[in-house]
Amino acid sequence: MLPRFIVTIFIAISSYVDCNPGPIDDVVVERYSVPKICAREVKNGDFVRYHYNGTFTNGTQFDSSYERGTAFSGPVGQGRQIAGVDKGIVGTCINEHRRLTVPPHLAYGSQGAGETIPPDTTLVFDLVLLDIWNMADRVQTRTLNRPQDCKRAVKRSDFVRYHFNGTLLDGTIFDSSYERSQTQDSLVGEGWLVKGLDEGLLGMCVGEQRNIVIPPFLAYGEKGFGSEIPPHATLVYDILLEDLHNPKDDITVELQDVPEPCARKSVPGDFIRYHYNGTFLNGVTFDTSYQRNHTYNTYIGLGYVIPGMDKALQGVCVGERRRVIVPPHLAYGQQGVGKDIPGSAVLVFDIHVIDFHNPKDPVQVQITHKPEQCNETSAIHDIIQYHYNCSLLDGSRLFTSRVYGGPQETVLGADKVIDGLDEGLRGMCVGEKRTVIVPPHLGHGEKGAGDVPGSAVLHFELELLSLQKGIPEGYLFVWLEDSPAELFQAMDLNQDKEVPLEEFSEFINQQVAGGKGRLKPGQDPTAVISDMFKNQDRNQDGRITADELKLKVEEDAEKARHEEL
């Protein structure tokens with residue numbers, strides 16, 4: 001840098017020369033490296049920063065800013081430089097190299113400058129302009145790319161995340177978030193950033209790319225910053241806005257598709273199954289349940305998921321699709337989670353609700369068709385035949401009886417089918433059709449079964465085809481009317497005081513045929529009657545006597561009394 005005392009001597013000599021006019025030479029300017037693009041040229045009143053080598057005309061060096069490691073900074077046209085340089089630098093572009101040959105009367109005149117510069121010496125300066133600015137300058141912003149759909153732009157007090165390349169005006173890089181693989185995160189307008197950057201970020205949309213030029217007095221000023229940003233440096237930022245929110249933001253719910261009708265909406269305490277795509281505001285995906293081919297299953301309103309999602313999943317319908325925007329203080333906060341979600345990230349979830357239920361939900365039954373005549377309905381112990389279609393609530397078909405070549409058969413209350421279906425099949429008339437909704441705790445539970453996902457609500461379409469009334473557990477035959485007062489005499493058809501198997505079988509078949517009694521359904525009647533006979537034939541001699549029948553009746557009555565007690 002030209003010493004301040006040298007500048008002072010120049011000013012005195014300059015005044016002396018002005019009082020002694022004579023033939024003088026002007027500064028000689030050689031522009032030997034000029035950039036193709038020159039956005040701005042130096043003019044009087046500007047401030048400049050440049051490096052230089054100073055030599056005599058014989059090539060001997062007397063000064064160099066390079067050797068000191070500090071470029072010269074100062075105003076143009078205000079006497080802060082020798083007159084020849086002040087004059088010769090006008091019109092220079094950033095990164096332009098020019099050689100100034102300065103005659104003595106525009107340098108240090110007849111007095112010279114101490115021992116460094118002899119009197120009446122012509123000086124040669126090879127300089128490169130690094131920076132140029134003016135106190136009238138403002139922050140310059142230039143939009144390089146802006147998304148068409150911009151629903152929200154940066155305002156003061158917003159929190160932003162952005163990537164940037166930061167350079168000085170001559171293109172020297174001083175910082176880059178890309179090299180750190182981490183965004184720059186900051187509040188806007190709260191003094192966290194230099195004033196020019198605070199201003200330059202205003203109005204940006206997520207996904208927008210912007211070039212911001214900040215004059216030194218709105219950046220780091222005369223002190224600079226560290227070893228990377230020198231004093232009086234203009235800063236250039238190429239910014240890509242990745243994220244934007246306000247610390248006061250709540251979740252934003254955008255309803256996309258709400259099915260009609262919606263019989264019920266989710267409430268706290270419900271268990272919900274849903275698919276989702278999770279992205280950042282810039283559209284980059286961080287997670288998706290679809291790739292795992294498995295829904296996300298959770299209770300809502302109980303703190304099992306991030307607060308924003310806990311809130312967003314309340315009030316939804318089965319089959320609903322909605323987009324939810326969750327600010328970081330309702331998501332993973334300043335810390336983020338793992339490598340996939342950075343700190344202070346706004347999350348966007350596109351949700352498809354598959355189903356939900358409450359652990360207290362009962363089976364839901366809707367009768368879609370009922371015959372005009374209905375003499376009896378299905379109940380526990382009955383054997384029934386029925387057709388069914390089984391689907392998930394989103395309509396995905398799981399099973400249908402029609403692919404098995406015939407209707408399904410079961411004994412109600414015998415734990416042959418899931419509890420919810422067993423319950424839904426009761427009270428039906430032959431020919432009746434129903435829709436039955438079975439919650440998972442009455443279906444296949446949390447683990448599911450085969451093609452049935454865990455915690456899935458099941459939708460059944462049922463049609464009862466046939467019905468055989470059953471008898472209580474542990475019985476082979478029940479009376480539908482009062483039994484004969486003298487049972488053994490009625491059973492002893494030939495009145496010979498004993499009842500063999502053939503006679504016993506004939507008697508029982510008469511009761512069944514006359515509607516007075518019922519055999520256990522679903523089994524061979526002959527085998528059932530044979531078992532009944534063996535139970536009555538106490539001594540296993542192939543005949544039932546009155547004493548054997550009496551003893552059996554008394555034992556049954558005594559057993560019933562114990563059960564009642």
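Numbers for residues simply follow the sequence, beginning at 1. All values below were derived from every heavy atom in this structure, side-chain atoms included, with hydrogens, water molecules and symmetry-related copies excluded. All of these numbers come straight from a predicted model, not from anything done at the bench.
- Side-chain atoms of Thr295 never come within 3.5 Å of backbone atoms of Asn297 as a donor-acceptor pair (strictly under, hydrogens ignored).
- Listed for the Glu67 side chain is no donor-acceptor partner under 3.5 Å among the backbone atoms of Asp63.
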Take Asp198 and Arg156, measure what salt bridge (Lys or Arg N to Asp or Glu O under 4.0 Å) needs, and give me the verdict at the end. CA-CA 8 Å; Asp198 254 347; Arg156 296 189 186 279; 5.2 Å; no
message = Walk me through whether Val42 and Tyr50 qualify under side-chain contact (heavy atoms from CB on, under 4.5 Å).
response = CA-CA 12 Å; Val42 176; Tyr50 59 85; over 6 Å; no
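- A donor-acceptor pair shorter than 3.5 Å cannot be found between the side chains of Asp120 and Ser110.
- Remark: side-chain polar atoms of Asp270 are not paired, donor with acceptor, to backbone N or O of Ile300 under 3.5 angstrom.
- Within a 6.0 Å radius of CZ in Phe174, other residues, nucleotides and ligands contribute more than 12 heavy atoms.
- Between the CZ atom of Arg210 and the OH atom of Tyr162 there is a distance of 12.5 Å, given to the nearest 0.5 Å.
- Side-chain contact check for Phe217 versus Met135: some heavy-atom pair is nearer than 4.5 Å.
- Although no hydrogens or angles enter the test, the distance criterion places no donor-acceptor pair under 3.5 Å between the side chain of Ser177 and the main chain of Thr183.
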Verdict with supporting geometry, Val457 and Ile354, side-chain contact (heavy atoms from CB on, under 4.5 Å): CA-CA 9 Å; Val457 180; Ile354 302 301; over 6 Å; no
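- More than 12 heavy atoms of other residues, nucleotides or ligands shown are found within 6.0 angstrom of CG on Asn145.
- Rounding to the nearest 0.5 angstrom, the gap separating the CG atom in Asn95 from the CG atom in Asp131 is 10.0 Å.
- Put simply, the side chain of Asp310 gets close to the backbone of Gly303: a donor and an acceptor are under 3.5 Å apart.
- Ile325 has its side chain out of reach of Ile251: every pair of non-hydrogen atoms, C-beta onward, lies at least 4.5 Å apart.
- In this structure, Arg80 does not pair ionically with Asp86, as no charged nitrogen and carboxylate oxygen lie closer than 4.0 Å.
- Ring pair His275/Tyr290 is parallel by interplanar angle, where below 30° counts as parallel and above 60° as perpendicular.
- Counting heavy atoms from C-beta on, the side chains of Thr298 and Ile272 come closer than 4.5 Å.
- Using a 4.0 Å cut-off between charged side-chain N and carboxylate O, Asp287 and Arg292 make a salt bridge.
- The distance from atom CG of Leu197 to atom CD1 of Ile212, rounded to the nearest 0.5 Å, is 5.5 Å.
- Counting only heavy atoms from C-beta outward, the side chains of Arg31 and Cys93 approach each other to under 4.5 Å.
- Note that SG of Cys205 and NZ of Lys151 are 12.0 Å apart. Values are rounded to the nearest 0.5 Å.
- In the displayed structure, Ile37 atom CD1 is contacted under 6.0 Å by at most 12 heavy atoms of other residues, nucleotides or ligands.
- More than 12 non-hydrogen atoms from other residues, nucleotides or ligands lie less than 6.0 angstrom from CG of Leu302.
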The test is side-chain contact (heavy atoms from CB on, under 4.5 Å); show your working for Leu392 and Arg273 and say whether it passes.
CA-CA 11 Å; Leu392 301 177; Arg273 297 192 313 123; 4.3 Å; yes
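- In this structure, Leu168 and Glu228 have side chains that are not in contact, with every pair of non-hydrogen atoms separated by 4.5 Å or more.
- Around atom NZ of Lys195, no more than 12 heavy atoms belonging to other residues, nucleotides or ligands sit under 6.0 Å away.
- Heavy atoms of other residues, nucleotides or ligands lying less than 6.0 angstrom from NZ of Lys43 number more than 12.
- When side chains are defined from C-beta on, Asp361 counts as touching Arg264, because their heavy atoms get closer than 4.5 Å.
- Although no hydrogens or angles enter the test, the distance criterion places a donor-acceptor pair under 3.5 Å between the side chain of Arg322 and the main chain of Ala312.
- Asn134 places a side-chain N or O within donor-acceptor distance of the main-chain N or O of Gly45, the cut-off being under 3.5 Å.
- Residue His163 holds its NE2 atom at 11.0 Å from CG of Asp243, rounded to the nearest 0.5 Å.
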Would you please test Leu193 and Leu201 for side-chain contact (heavy atoms from CB on, under 4.5 Å) and show each step?
CA-CA 10 Å; Leu193 302 167; Leu201 287 166; 3.7 Å; yes
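- Annotation: Gln334, atom CD; neighbour count of heavy atoms from other residues, nucleotides and ligands within 6.0 Å does not exceed 12.
- For Gln148, the CD atom counts as loosely surrounded, since its 6.0 Å shell holds 12 or fewer non-hydrogen atoms of other residues, nucleotides or ligands.
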- [ ] I would like to know whether Arg49 and Asp170 meet salt bridge (Lys or Arg N to Asp or Glu O under 4.0 Å); could you show each step before the answer?
- [x] CA-CA 10 Å; Arg49 187 165 57 84; Asp170 66 346; 5.6 Å; no
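- By the 30° and 60° cut-offs, the orientation of the rings of Phe349 relative to Phe286 is perpendicular.
- Within the model, atoms CD1 of Ile89 and CZ of Phe72 stand 8.0 Å from one another, a figure rounded to the nearest 0.5 Å.
- In summary, the side chains of Ser391 and His459 do not present any donor paired with an acceptor at a separation below 3.5 Å, with no hydrogens or angles considered.
- Using a 30° and 60° split on the angle between ring planes, Phe271 and Tyr299 fall in the perpendicular class, above 60°.
- A donor-acceptor pair under 3.5 Å is formed between the side chain of Ser266 and the backbone N or O of Leu313.
- Put simply, the side chain of Ile437 reaches to within 4.5 Å of the side chain of Leu393, judged on heavy atoms.
- With His441 contributing its side chain and Pro359 its backbone, the two residues share a donor-acceptor pair below 3.5 Å.
- Side-chain contact between Phe56 and Pro118 is present, with at least one heavy-atom pair separated by less than 4.5 Å.
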> What's the verdict on ring-ring contact (aromatic ring centres under 6.0 Å, His included) for Phe399 and Phe460, showing C-alpha distance, side-chain angles and the deciding distance?
Replying inline: CA-CA 10 Å; Phe399 312 105; Phe460 286 93; 8.7 Å; no
